[in-house]
Amino acid sequence: MPLEIVTLPCLSDNYAYLLHDAASGATAVVDVPDAAPIQAALAERGWTLTDILITHHHWDHIDGLEDLRAATGARVVGAAADAHRLPPLDLAVAEGDTVVIGSEALQVFDVSGHTVGHIAFYAPKTGAVFTADSLMALGCGRLFEGTPEMMWTSLQKLAALPPETLVCSGHEYTASNAKFAATIEPDNAALISRSRQIAEARAENRPTVPSRLDEELATNPFLRAHLPELKTALGLPDASDAMVFAEIRAQKDRF
Ligand code: ZN
Ligand code: FE
């Protein structure tokens with residue numbers, strides 16, 4: 001049985017996700033921007049939180065953690081590499097480890113780049129990956145700590161997952177990401193139609209996440225730095241994939 005996923009808007013533009021295993025009752029949350037909306041969503045469904053999964057150390061992903069831990073006693077799971085700058089972890093994990101939530105064994109990926117130590121959780125039976133500020137809908141996180149090479153390598157790991165995988169990312173930045181993506185690939189038909197859907201969703205205040213990996217592969221410029229037509233359009237026909245990624249990231253930082 002796949003896990004049930006609930007997308008929870010938090011703060012002004014963050015997302016947390018609930019993962020619920022109906023058979024065992026196990027329930028996890030990925031990131032805790034704010035405890036209140038998470039507790040409200042749990043209460044509404046009559047679910048008991050068992051696990052808190054943390055992707056990275058930024059305050060907007062952990063600010064509600066201690067309140068939620070105190071209220072629920074849930075196990076806190078985060079990156080061993082970030083243990084020195086995260087609240088106390090009950091389980092410290094690294095790439096290759098698994099975290100069991102009911103009948104699902106989540107796989108831990110190191111997706112450093114936005115921060116060094118950022119992790120993603122991949123749920124293979126459910127077909128979802130929780131990427132926070134690594135791979136985002138039509139974008140990727142800004143490189144606060146890592147190098148372009150590091151982020152490109154991280155994105156390649158996510159790009160290799162099954163194409164129908166749901167990408168559950170950490171922020172509602174998709175509309176502005178779409179405007180930027182159009183400057184890189186103005187003639188990408190899939191991007192044009194996706195941008196229209198994004199504008200409609202936001203006009204109705206609907207989340208644009210999760211997205212599907214195959215639509216990211218077709219439209220997200222940060223996953224497309226290896227394509228010859230994109231390299232040529234950027235005037236970098238002979239550059240390495242990571243160099244082209246770095247150029248796209250630099251343009252986005254100035255956008
Ligand atoms: Zn962040
Ligand atoms: Fe963030």
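Heads up: numbering here begins at 1 and tracks the sequence. Indexing begins at 1, ligand by ligand and atom by atom, following the structure's order.
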- prompt: Mind counting the protein N, O or S atoms sitting less than 2.8 Å from the Zn ion (ligand 1)?
  reply: 4
H118-H57 aromatic ring centre distance below 6.0 Å: no
query: Do the ring planes of W152 and H226 sit parallel (below 30°), tilted (30 to 60°) or perpendicular (above 60°)?
result: tilted
- request: With H56 as reference, evaluate T115, D133, D31, D82 under the side-chain hydrogen bond (donor to acceptor under 3.5 Å, both in side chains) test and give the passing residue.
  value: D133
What pairs of donor and acceptor atoms, side-chain ones from residues 120-130 against any protein atom, are under 3.5 angstrom apart with sequence neighbours left out?
unit_1: K125; atom_1: NZ; unit_2: S103; atom_2: O; d: 2.5
unit_1: T126; atom_1: OG1; unit_2: L3; atom_2: N; d: 2.9
unit_1: T126; atom_1: OG1; unit_2: E104; atom_2: OE2; d: 2.7

- request: May I ask you to check whether H61 and H171 place their ring centers less than 6.0 Å from one another?
  value: yes
query: Is E216 salt-bridged to R194, cutoff N-O under 4.0 Å?
result: yes
message: Holding to salt bridge (Lys or Arg N to Asp or Glu O under 4.0 Å), I want the full list of residues that pass it with E200, two or more places apart in sequence or in another chain.
response: none
message: If we only look closer than 2.8 Å, how many protein N, O or S atoms does the Fe ion (ligand 2) have near it?
response: 4
field: Ionic contact status for R212 with E215, cut-off 4.0 Å
entry: no
- request: Go through the steps for V77 and L89 under the test side-chain contact (heavy atoms from CB on, under 4.5 Å), then give the verdict.
  value: CA-CA 6 Å; V77 180; L89 299 175; over 6 Å; no
